[in-house]
Structures are given as structure tokens and as C-alpha cells.
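Worksheet for the structure shown next.
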Amino acid sequence: MRKGKGRKQVLEKYSYVGPTIILILYILYVVLGVNGKVALNWIADSKNFVNMCELITQFSSIVLGVYGIFIPVVIGKQDRFTNYFWQNINRDKFAKDVHKIILSGIFVIILSIVLTVSDIMNKKIVMILVGMMVWVLFFYACCTYRFLGIFIQLIVGSDTRKSDDDLLIEDPISDKDKNNLNKDLDQF
């Protein structure tokens with residue numbers, strides 16, 4: 001039971017912790033390297049900075065397009081594994097998580113488009129926008145990795161469980177609790 005809770009907490013937190021660590025490293029790069037005593041080149045001064053922003057826009061657009069393909073396939077697929085998934089998932093949380101991913105992807109696209117004109121913007125504003133894009137891009141990548149894995153698993157199916165007889169219930173409910181649940185379900 002503990003292993004499941006720990007895994008759940010890691011899955012809920014890593015998409016925030018990872019990008020935050022990367023953002024802290026970026027802030028250290030800006031404060032100590034670009035504006036500090038160590039002489040590091042500013043990323044936006046690169047002649048390929050605009051190309052990088054365009055590539056980030058293309059990457060994010062392609063990944064959002066993949067979501068556009070996967071979502072109808074996953075929703076329309078009918079097999080025991082997919083039905084089990086949809087019956088047992090917290091649909092509200094799943095929908096919110098998918099919305100977060102789509103919004104962060106759109107935000108990455110908007111930020112990278114704005115940064116393509118960084119040559120006419122104030123350097124401090126560009127530094128802030130790059131920092132925002134770094135965090136959102138890594139957040140988007142972490143969440144995308146997780147959800148594309150879920151979607152692929154739903155499309156391909158699971159060979160780990162051949163039948164419902166293989167399911168192991170860790171804490172079965174008592175007959176009294178089962179009757180109470182059935183009464184509550186009858187009210188709906």
C-alpha cells in the first residue's frame with residue numbers, strides 16, 4: 001500500500017519539482033553568469049536563438065497535434081482494459097490534468113512566438129520570458145511524457161492481466177459496507 005502512495009505522490013509532484021529545479025538553475029545562470037562576475041554568454045545573443053524558439057513552437061504544436069489524435073482514439077477504443085480504466089479513474093482530475101497539459105502547450109507556443117522578436121525587446125524582459133518558458137516547457141514535457149505513456153498503454157492495451165480473476169484486492173470491503181454502497185447507488 002505504501003509503495004502505491006509513494007508512486008502517486010511522485011507522479012503528482014515531479015512535473016512541478018523538475019521544472020522548478022531547472023528554473024532555479026536558469027536563475028543562477030542569469031544572476032551569476034550573465035549579470036554576475038562570471039562571464040557567460042547570454043542565450044538570447046545567440047544567432048540561433050530565434051531558430052530555437054521556432055523549433056520549440058513546432059515541437060509543442062506537433063505534441064499538441066498528437067494529443068488531438070490520441071484522445072479520440074483512446075475514448076473510442078472499446079476493450080476490457082480501456083473500459084476498466086474509464087470506470088475506475090477520477091475523470092474530473094484526469095480532465096483537469098489534460099487541460100493543464102494543453103494550456104501549458106499553448107503557453108509554450110505563445111512564449112516562443114513572442115521570443116522570436118527578442119532582438120527588439122528589453123534584455124530584462126527577455127530574461128523573464130525565457131525563465132517563464134523554461135519552467136513551462138519542462139512542465140509541459142514532464143506532463144506530456146506521463147500522459148502519452150498513459151494514452152499509449154490504453155491504445156496498445158495491457159498484457160499483464162489476462163482476466164479479471166488475476167486481480168488482487170488488497171482490502172476487500174465487508175458485506176455491510178457493500179450493502180451500504182449499494183443502497184447509496186440505488187438513490188442515484
Side-chain angles (χ1 to χ4, degrees), residues 7-77 85 89-156:
R7 184 173 193 273
K8 181 180 177 185
Q9 288 178 347
V10 167
L11 289 176
E12 289 177 357
K13 304 278 190 256
Y14 85 97
S15 61
Y16 294 99
V17 172
T20 303
I21 291 170
I22 299 295
L23 179 62
I24 291 169
L25 292 174
Y26 167 76
I27 291 170
L28 290 173
Y29 160 75
V30 169
V31 171
L32 299 176
V34 177
N35 294 331
K37 295 179 181 179
V38 180
L40 295 177
N41 293 329
W42 168 233
I43 191 170
D45 291 338
S46 169
K47 64 181 180 175
N48 293 318
F49 182 74
V50 172
N51 292 338
M52 180 191 72
C53 291
E54 290 171 355
L55 291 172
I56 289 172
T57 302
Q58 291 172 1
F59 164 77
S60 301
S61 299
I62 290 169
V63 172
L64 284 176
V66 168
Y67 275 112
I69 293 168
F70 276 177
I71 290 173
V73 169
V74 168
I75 290 174
K77 187 168 187 230
F85 175 81
I89 193 165
N90 181 343
R91 290 179 184 228
D92 291 334
K93 183 171 178 0
F94 186 81
K96 286 178 185 177
D97 287 345
V98 171
H99 281 107
K100 264 194 294 191
I101 293 169
I102 292 171
L103 287 175
S104 64
I106 292 170
F107 197 55
V108 165
I109 291 169
I110 291 169
L111 282 172
S112 59
I113 289 170
V114 169
L115 284 171
T116 58
V117 293
S118 63
D119 57 335
I120 62 171
M121 296 170 69
N122 182 317
K123 185 176 180 179
K124 290 186 183 204
I125 292 173
V126 173
M127 287 180 177
I128 292 169
L129 291 175
V130 169
M132 289 170 57
M133 188 174 75
V134 163
W135 192 92
V136 175
L137 181 62
F138 279 95
F139 175 80
Y140 179 57
C142 290
C143 292
T144 296
Y145 178 77
R146 177 177 168 214
F147 272 83
L148 287 180
I150 291 169
F151 287 156
I152 290 170
Q153 187 67 30
L154 288 172
I155 290 170
V156 173

As an exercise, state the distance from [atom1] of [X] to [atom2] of [Y], rounded to the nearest 0.5 Å.
X	Y	atom1	atom2	answer
I152	F147	CD1	CZ	13.5 Å
I56	N51	CD1	CG	11.0 Å
I43	N48	CD1	CG	11.0 Å
S118	I125	OG	CD1	12.0 Å
C142	L137	SG	CG	9.5 Å
L32	I27	CG	CD1	11.0 Å

Full working for side chain to side chain contact (heavy atoms under 4.5 Å, CB included) between T144 and Y67: CA-CA 9 Å; T144 296; Y67 275 112; 3.7 Å; yes
Worked verdict on M133 versus V114 for side chain to side chain contact (heavy atoms under 4.5 Å, CB included): CA-CA 10 Å; M133 188 174 75; V114 169; over 6 Å; no
Min side-chain heavy-atom separation L115-F49 under 4.5 Å: yes
Side-chain heavy atoms of T20 within contact of W135, under 4.5 Å: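 Of all side-chain heavy-atom pairs linking W135 with T20, at least one is under 4.5 Å.
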Where F139 and S15 come nearest, the two heavy atoms and their spacing: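 For F139 versus S15, the nearest heavy atoms are CD1-O, 3.0 Å.
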S104 versus Y140, closest heavy-atom pair with distance: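 Heavy-atom minimum between the residues: OG-CD1, 3.4 Å.
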Within 6.0 Å of [atom1] in [X], more than 12 heavy atoms from elsewhere:
X	atom1	value
N41	CG	no
K123	NZ	yes
F94	CZ	yes

Main-chain N/O of I109 paired to S112 side chain as donor or acceptor, under 3.5 Å: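 Yes; judged by distance alone, with no hydrogens or angles, the pair exists.
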Heavy-atom donor-acceptor pair, Y26 side chain to V134 backbone, under 3.5 Å: no
Short N-O contact, K93 and D97, less than 4.0 angstrom: yes
